[in-house]
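Here's the structure, in structure tokens; my notes come after.
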Amino acid sequence: MKKFSIFLMACIFAVFSSACSSEIVNLEDTTTSTQTVEDTTITTLETEVTTETSTEKEYLLSDSTDPKFDEYVSNTLVATGNNYVVEKADEVTYRAYFPVEEYGELEYCFYFSNTVDSTYKYGELAYVGRVGEGYTITSAYIADGGTSIEDEITNRTAVTFDDGNISKEVGAGETYWSDSITFDVPQDHYLVWEWTVSGENIACTYMSSLTSTTADSGDGDFKYCDQIPLPQLIGAKRDTKLNIVAIGDSITQGCQTEFMKYEFWSARISQMLGEDYAFWNCGLGWSRTSDASQCGDWLSRASTGDIVIVAFGTNDINTGEYMGDGGNSAQEIVDYLKVILDELTHKGCEVILFNAPPEDYGEEKESVRLEYNQMVEELSNEYGIYFFDFASYLSDEENPAKALYGGHPNGEGGQIVADAFLEQFKDLLQVE
């Protein structure tokens, strides 16, 4: 695990917005928005990024790290960050199947955040920094899911909170851990997470269809559910060489690859490295550098890694920041990216920077991508960090704009990227 001793610097935590009303912002007509939360008015302003505010750099992430992130590392390759909200749940039981990185008996502990990490689409409902409202946990369990979702679920074991409580009242925007629990996941079996919650505007995962996620509203019939509140960390005590984190968009998350095949590039790397490594997938569908640059809990979680992969660009080019006026320029994306790199390198992480993959853009946006990719490579030299030419493995030299394996790279593209990544960074990763 990462062991760094860093002197305390001035720390500023910036909340981009924390509105909890059901009111939808009209992005075409406004550049500022005002929402009301329990009689408290909060005004959201378009954030201005600066990389230097004084002669002495001020950092947004706290220098101190929750020691539990050193004690418990990820034990699944499925991403579970928050990029949406469940608008209403009334004693709904949610269930999800997780492939684990290390099987056997381990001590588990689960981390939660009730704040939206990144913007979904144009931010009509879910946007970076939106604070989830309070909710009630009636009960929570982990279980042995067998080797298929058709198998009987066995060994259901209660997860408790706050020193042994079955239920919990979760506050608006609260972060918290479960109690620790020892559990045995047999070889090639799934770990099942199941809990019953009630509340409104609960921060959740969208595009969770990479694994089986279902919900039961009380009739005993679990049905497909793609908007599901989950722990942000399926944490376990593991003896690992390195803790690797990948923060990025849906291409990192693995969206639009085959259901429960776990064939996207980040999953392939995790599988090839094996149980000697922890690989925490922090990818989120629709996310962009402007979201991560707000330096909220999402980037803070990522900064707990020994090695952090940073892979953005697609949604920045297509959509741009929340409350912005459309896709960003290459320079605007780089300005946001610098904030992320400043924070991660200050925390002592080894950073691997990816460029933006091909997306079959039109001429205008493709020119932004090409300019951005050139700037990213130069930026990696400026920061003294590692660079991975992600785009080159997913396109053709004669037609670099064409996405050979799809805008969301399929299993074949994922394997090509994973092979190239492990070959380039085998020394850094201490691969024998």
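As a basis for the values below, the full set of heavy atoms in this structure was taken, side chains included, without hydrogen atoms, waters or symmetry mates. In this chain, residues are counted from 1 in sequence order. Keep in mind it's a predicted model, so treat the numbers as computed, not measured.
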TODO: Kindly compute the distance separating CG (Leu230) from OG1 (Thr205), expressed to the nearest 0.5 Å.
DONE: 5.0 Å

Task: Between OG on residue Ser250 and CG on residue Asn315, distance to nearest 0.5 Å - done: 6.0 Å

TODO: Tell me, please, which residues at least two apart from Tyr84 pass ring-ring contact (aromatic ring centres under 6.0 Å, His included).
DONE: Tyr120, Tyr206

Task: Asp239, CG: over 12 other non-hydrogen atoms inside 6.0 angstrom - done: no

Open item on the list: Tell me every residue that passes side chain to side chain contact (heavy atoms under 4.5 Å, CB included) with Ser287, counting only those two or more places apart in sequence or in another chain.
Closed with: Ser118, Asp249, Leu284, Asp291, Trp298, Phe312

Open item on the list: Going by salt bridge (Lys or Arg N to Asp or Glu O under 4.0 Å), name the pairs with one or both residues in residues 159-169, residues two or more places apart or in two chains.
Closed with: Asp162-Lys168, Lys168-Glu174

TODO: Please confirm whether the backbone N or O of Met207 pairs with a side-chain atom of Gln253, one donor and one acceptor, at under 3.5 Å?
DONE: yes

Task: Leu429 CG to Leu273 CG distance, which is reported to the nearest 0.5 Å - done: 6.0 Å

Open item on the list: Holding to ring-ring contact (aromatic ring centres under 6.0 Å, His included), I want the full list of residues that pass it with Phe183, two or more places apart in sequence or in another chain.
Closed with: none

- [ ] Using the side-chain hydrogen bond (donor to acceptor under 3.5 Å, both in side chains) rule, take Glu107 and Tyr72 through it: C-alpha gap first, then chi angles, then the decisive distance, then the call.
- [x] CA-CA 9 Å; Glu107 183 179 311; Tyr72 299 97; 2.4 Å; yes

Task: Donor-acceptor side-chain pairing of Asn82 and Gln232 below 3.5 angstrom - done: yes

- [ ] Give a yes or no on whether Lys68 atom NZ has more than 12 heavy-atom contacts from other residues, nucleotides or ligands under 6.0 Å away.
- [x] yes

Task: Single hit among Leu191, Val185, Thr76, Asp188 for side chain to side chain contact (heavy atoms under 4.5 Å, CB included) with Pro99 - done: Thr76

TODO: List the atom of Pro186, the atom of Tyr103, and the distance in Å for their closest heavy-atom pair.
DONE: O-CD2, 3.1 Å

- [ ] Identify the heavy atoms of Glu101 and Leu77 that sit nearest to each other, and give their distance.
- [x] CG-N, 4.3 Å

Open item on the list: Under a 3.5 Å threshold, yes or no: a donor from one side chain and an acceptor from the other, between Glu91 and Thr138?
Closed with: yes

Task: Backbone N/O of Glu258 and side chain of Glu263: donor-acceptor pair under 3.5 Å - done: yes

TODO: Give the ring-plane orientation class for Phe264 versus Tyr262, where under 30° counts as parallel, over 60° as perpendicular and anything between as tilted.
DONE: perpendicular

Open item on the list: Which heavy atom of Asn114 sits nearest to which heavy atom of Ala203, and what is that distance?
Closed with: OD1-N, 3.2 Å

Open item on the list: Give me the atom names and distance for the closest heavy-atom approach of Lys347 to Asp63.
Closed with: CE-O, 4.0 Å

Open item on the list: Would you say the rings of Phe69 and Trp177 are close, in the sense that their centroids are separated by under 6.0 Å?
Closed with: yes

- [ ] For the pair Thr345 (side chain) and Asp342 (backbone), establish whether a donor and an acceptor sit closer than 3.5 Å, ignoring hydrogens and angles.
- [x] yes

TODO: Measure from the side-chain N and O atoms of Arg268 to the backbone N and O of Gly411, and report whether any donor-acceptor pair falls under 3.5 Å.
DONE: yes

Task: ring pair (Phe, Tyr, Trp, His ring centres under 6.0 Å) partner of Trp193, chosen from Tyr94, Phe110, Tyr97 - done: Phe110

TODO: Run through Phe421, Phe388, Tyr405 and flag the one making a ring pair (Phe, Tyr, Trp, His ring centres under 6.0 Å) with Tyr393.
DONE: Phe388

Task: Ring centre gap for Phe354 and Trp265 strictly below 6.0 Å - done: yes

Open item on the list: To the nearest 0.5 Å, what is the distance between NZ on Lys223 and OG on Ser217?
Closed with: 8.0 Å

Open item on the list: When you measure from the side chain of Asp144 to the backbone of Asp184, do you find a donor-acceptor pair of N or O atoms at a distance under 3.5 Å?
Closed with: no

- [ ] Would you name the heavy atoms of Gly305 and Val245 that are closest together and state the gap between them?
- [x] CA-CG2, 3.7 Å

Task: Exercise: identify the closest heavy-atom pair between Thr252 and Ala246 - done: CG2-CB, 3.8 Å

Open item on the list: Per the salt bridge (Lys or Arg N to Asp or Glu O under 4.0 Å) rule, what does the pair list look like for residues 194-203, sequence neighbours excluded?
Closed with: Lys88-Glu200, Arg95-Glu194, Arg156-Glu194

- [ ] Let me see the working for Ile228 and Cys204 under side chain to side chain contact (heavy atoms under 4.5 Å, CB included), right down to the final yes or no.
- [x] CA-CA 5 Å; Ile228 178 170; Cys204 75; 5.7 Å; no

Task: Any donor-acceptor N/O pair, Arg238 side chain to Tyr277 backbone, under 3.5 Å - done: yes

Task: Residues which pass salt bridge (Lys or Arg N to Asp or Glu O under 4.0 Å) with Arg301, listed by chain and number, not counting sequence neighbours - done: Asp117, Asp297

Task: Donor-acceptor under 3.5 Å (Arg288 side chain, Glu321 main chain) - done: no

Open item on the list: For the backbone of His408 and the side chain of Gln256, can you confirm whether one donor and one acceptor N or O come within less than 3.5 Å of each other?
Closed with: no

TODO: Could you tell me whether a side-chain N or O of Gln294 sits under 3.5 Å from a main-chain N or O of Ser290, the two making a donor and an acceptor?
DONE: yes

- [ ] Mark yes or no for whether Asn83, through its side chain, and Ala126, through its backbone, hold a donor-acceptor pair below 3.5 Å.
- [x] no

Task: Modelled atom types, side-chain donor and acceptor of Gln331 and Asp335, under 3.5 Å - done: yes

Task: Gap separating the OG atom of Ser178 from the CG atom of Leu233, nearest 0.5 angstrom - done: 9.5 Å

Task: side chain to side chain contact (heavy atoms under 4.5 Å, CB included) assessment of Arg130 paired with Leu125 - done: CA-CA 9 Å; Arg130 178 174 184 179; Leu125 182 64; 3.5 Å; yes

